[in-house]
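First comes the structure, then the notes that go with it.
Everything quoted here is computed from the prediction, not taken from an experiment. Order of the sequence lines fixes the chain letters, A, B, ..., with proteins taken first and strands second; residue numbering starts at 1 for each chain. As a basis for the values below, the full set of heavy atoms in this structure was taken, side chains included, without hydrogen atoms, waters or symmetry mates.
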Amino acid sequence: MGGGADKPASHERILAAVRAIPRGQVAGYGEVARRAGLPGRARLAARVLSGNTDPTLPWHRVLRSDGRIAFAEGSSGYREQSQRLRAEGVKVERGRVRMPRVEADLDAEIWGRR
DNA sequence: CCCGTGACTCTAC
DNA sequence: CGTAGAGCCACGG
């Protein structure tokens, strides 16, 4: 058996990771890929989203690592994403969203933030 | 097989 | 906080 085609599986995992993002929250491409079990495949995540056809997929919750929208400012995708995010209560300023770094979260976990 | 392109990321300045 | 350069992965020509 050998199957071969493991690419579709990766795509599915990426999509699952995106669907797993709670409403009102956001995640980076790299973060999504990592959650999908595909570390270092941030670009793959972006490619999957670019080719996604599922209208129920919360693709708008996926941003760059910096919290910046991946689309070019002024483009339709950029506007749609920012609008969708705002509709969920996410604050989008200057095409960017407050992206809490995992590192900071770990710091809080270790040092005990309050 | 080489090259260009892209909804990316990290480091350095 | 901003830009610039190099790295990386997947794909089509």
Side-chain angles (χ1 to χ4, degrees):
Chain A
M1 350 222 262
D6 60 304
K7 187 190 339 182
S10 302
H11 285 210
E12 265 310 307
R13 284 199 285 276
I14 296 282
L15 293 173
V18 174
R19 294 196 190 95
I21 303 174
R23 185 179 178 281
Q25 286 193 22
V26 296
Y29 293 92
E31 196 66 33
V32 169
R34 180 135 81 155
R35 289 175 186 177
L38 305 163
R41 269 67 179 181
R43 269 189 127 146
L44 175 61
R47 196 161 195 64
V48 171
L49 290 190
S50 71
N52 125 81
T53 57
D54 185 356
T56 68
L57 186 76
W59 57 269
H60 55 273
R61 291 175 195 155
V62 187
L63 324 159
R64 283 188 182 168
S65 181
D66 290 352
R68 211 148 144 359
I69 292 179
F71 291 103
E73 187 176 356
S75 64
S76 58
Y78 171 96
R79 280 180 309 207
E80 172 148 5
Q81 185 162 15
S82 53
Q83 190 173 348
R84 277 170 175 258
L85 286 174
R86 282 171 183 164
E88 293 190 353
V90 178
K91 202 162 190 192
V92 184
E93 286 186 53
R94 219 149 138 261
R96 296 164 91 174
V97 177
R98 279 290 187 163
M99 269 289 269
R101 279 177 289 177
V102 178
E103 199 180 335
D105 202 32
L106 276 175
D107 265 10
E109 194 72 22
I110 294 166
W111 294 99
R113 72 120 176 90
R114 244 157 313 242

Say you pick atom C1' in dA7(B) and the same atom in dG13(C); how far apart are they, in whole Å?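 So the two C1' atoms sit 22 Å from each other.
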With a 4.5 Å cut-off on side-chain heavy atoms, are L38(A) and V32(A) touching?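 No, side chains not in contact.
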Within-4.5 Å side-chain heavy-atom neighbours: V48(A) and V18(A): no
Could you work out, with side chain to side chain donor-acceptor pair (under 3.5 Å) as the rule, every residue matching [X], not counting sequence neighbours?
{"X": "R19(A)", "result": "D54(A)"}
{"X": "R41(A)", "result": "none"}
{"X": "S76(A)", "result": "none"}

With a 4.0 angstrom cut-off to heavy atoms of chain A, pull out the first and last contacting nucleotide of DNA chain C, in 5'-to-3' order.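 Going 5' to 3' along DNA chain C, contacts run dG2(C) to dC11(C).
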If you measure from CZ on R96(A) to CD1 on I69(A), what distance do you get to the nearest 0.5 Å? 11.0 Å
Rounded distance [0.5 Å steps], CZ in R64(A) versus CE in M99(A):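 If we round to the nearest 0.5 Å, R64(A):CZ and M99(A):CE are 12.0 Å apart.
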When all nucleic acid strands are considered with a 4.0 Å heavy-atom cut-off, which category describes R96(A): base, sugar-phosphate, or nothing?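 Sugar-phosphate contact only.
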Would you list the pairs meeting salt bridge (charged side-chain N to carboxylate O under 4.0 Å, His left out) in which at least one residue belongs to residues 79-88 of chain A, sequence neighbours left out?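 Residue pairs passing salt bridge (charged side-chain N to carboxylate O under 4.0 Å, His left out), neighbours aside: R61(A)-E88(A), E80(A)-R84(A).
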What does nucleotides 7-13 of chain B look like as a protein-contact string, B for base, S for sugar-phosphate only, - for none, at under 4.0 angstrom between heavy atoms? BBSS---
